[in-house]
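The block underneath contains the structure these notes are about, expressed in structure tokens.
Note that the structure is a prediction, hence the values are computed from the model and not measured. Residue numbers begin at 1 in each chain, while the letters A, B, ... track the order of the sequences.
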Amino acid sequence: MADLKVYNTASGVKEAFTPVDEGRVTMYVCGPTVYNYAHIGNARPVVVFDCLYRLLSARYGNVVYARNITDIDDKIIQAAVERNCDIGEVSREFTTAYREDMALLNALPPSIEPMATEHIPEMIALIERLIERGHAYVEAGHALFAVESMPSYGALSHRNLDDMLAGARVKVASYKRHSGDFVLWKPSSPAEPGWESPWGRGRPGWHLECSAMIRAHLGESIDIHAGGRDLIFPHHENERAQSCCAYDDDFVRYWMHNAYVDMDGEKMSKSLGNVRTVRELGGSYPGEVMRFALLTAHYRSPLNFSVEVLNSAQDALDAFYGALRPHTGIDPAELNAVDTAVYGALLDDINTPEAIATLYAAAKTLNKASDTKAIADAKAELLVGGTLLGLLSEDPEAWFQRGVGQEGPTAGEIEALIQERLLARSSRDFDRADEIRQMLEEQGVLLDDGPDGTQWRRRG
RNA sequence: GGCUCGGUGGCAGAGUGGUAAUGCAGCGGAUUGCAAAUCCGUCAACGCCGGUUCGAUUCCGACCCGAGCCUCCA
């Protein structure tokens, strides 16, 4: 069996993937800070690494996939202040929204979804251990990690402390011994949420939770740690520092990072007003269309999101569902995920564009297939391969009729018009037939005349 | 300034030391009452300059252009 290759940020090259324990593969993806809705850029790592999760599950069976929820953070505190409510209210609301949005994108729920606030004791213990070992110190109510205590600090992000000093743009807090030192624990004012600790009432630094939760749920050394490119520094570098210095193990074998999603050629940002949430786009496009759009570029390449990208994703899925539609009566052949062309493509560092290309090939084969076996085989390739990508999970008929009746004609009215048009055609009244077709098209319903009658589908 | 990553046909987007996937768009054809969908065929690309090599889009170097990170933004 061919093996999986993944690009490891730490080494800068594609490496053959070998898990610590083939019977229990572990992966951790940095999840959201729950203070607002997830945008389409937030969705990219979720969708991409969901494909990896599916791939690993097909290959190894038992995969433990953890994705955290950061439910304590200054942004959440700020949101709670603005809304004059408890931080729990903010984090609960957006955690629920996040789960709904990711489900809309066909992302499988992770095996574990640890919450930061439920791991405060583990975080405190981790800090104590770092202090004991001389990697952290307490100053002015803060616990800080001493970056100079770790010779390999910077190895993941390929930078060194001197470079960081040279590039420092931010005023260094006076309590830091080195400008690169980062907060493990910070004091909370009486008005701010906090937990008691040996260093006073306060709250954890952002990097700490992942280190603590990985240790608690996945173990001392995990196979894959993934997230967006922007997390490489400082977040993952600091996580690595915390975990490696607290314990003498490898921590992470493969670091994987996805590139950004731009919007219409520009970085998504609030100031540009071009942030598009999954929730908002979901009002106009099915989840699978958004998902497909996110998979059209390789995960390490920037993806320029736009309505054009979404529309072409829609067209592509229409073509696949269109190939499946005439064959609902024939069951797909037996096919293991690992025997699909999609699987083969994904083995090469999650090459989703290549995987999608194999889907087109399968759809073409299916369109040309005439005998039952060929149809069953092609269907299997399309559906099993599609499942590996988290696509083609819907009933073809439902896919094409989605949203019908909400505005415009109902399915029954459409059927009645099709019958009327059929009569007109049989009496060679093509003017009337074309009139009906034109009228439906104006209402977003397209008619396809085939040898077995007329089918309709919803457009856009 | 430091570090990282890119520049492939009209567009999107893979890939490779030996004549560059796939999709959309275009063009021609089959099919259709006409369409649509589908099928068949077809046009068309590796930023620039050097180097290594029998041979480079692919490796190395310079340059131009673009993106990202540099203390809590996926």
- [ ] Name the pairing partner of B:G55, where a pair is Watson-Crick or G-U wobble with both distances under 3.5 Å, or state none.
- [x] none

What nucleotide, of [options], holds the atom closest to the side chain of [X]?
X        : options             : result
A:Arg425 : B:C69, B:C72, B:G33 : B:G33
A:Glu354 : B:A14, B:C73, B:G68 : B:A14
A:Lys75  : B:G33, B:C72, B:C69 : B:C72
A:Asp230 : B:A37, B:C73, B:C72 : B:C73
A:Tyr360 : B:G68, B:U22, B:A74 : B:U22
A:Asp448 : B:A14, B:C72, B:A36 : B:A36
A:Ala297 : B:G33, B:A14, B:A74 : B:A14
A:Ala357 : B:C70, B:G33, B:U22 : B:U22
A:Asp348 : B:G13, B:C72, B:G15 : B:G15
A:Asn367 : B:A14, B:C39, B:G33 : B:C39

Could one point to a donor on the side chain of [X] or the base of [N] with an acceptor on the other under 3.5 Å away?
X        : N     : value
A:Asp449 : B:C34 : yes
A:Arg437 : B:A35 : yes
A:Asp315 : B:G23 : no

Distance between [atom1] atoms of [N] and [M] (Å, rounded):
N     : M     : atom1 : value
B:G6  : B:G61 : P     : 13 Å
B:G13 : B:C24 : C1'   : 11 Å
B:A62 : B:G1  : P     : 15 Å
B:G17 : B:U57 : C1'   : 10 Å
B:G15 : B:G51 : P     : 29 Å

For [X] and [N], is the shortest distance between a side-chain N/O and OP1 or OP2 below 4.0 Å?
X        : N     : answer
A:Ser301 : B:A14 : yes
A:Lys267 : B:C69 : yes
A:Asn238 : B:C72 : no
A:Lys364 : B:C40 : yes

Would you call the rings of [X] and [Y] parallel, tilted or perpendicular, where under 30° means parallel and over 60° means perpendicular?
X        : Y        : answer
A:Tyr65  : A:Tyr53  : tilted
A:Tyr254 : A:Phe17  : tilted
A:His236 : A:Trp255 : tilted

TODO: Look at the side chain of A:Thr454 and the backbone N and O of A:Asp449, then say whether any donor-acceptor pair between them is shorter than 3.5 Å.
DONE: no

TODO: To the nearest 0.5 angstrom, please state how far the CD1 atom of A:Ile124 sits from the CG atom of A:Leu208.
DONE: 9.5 Å

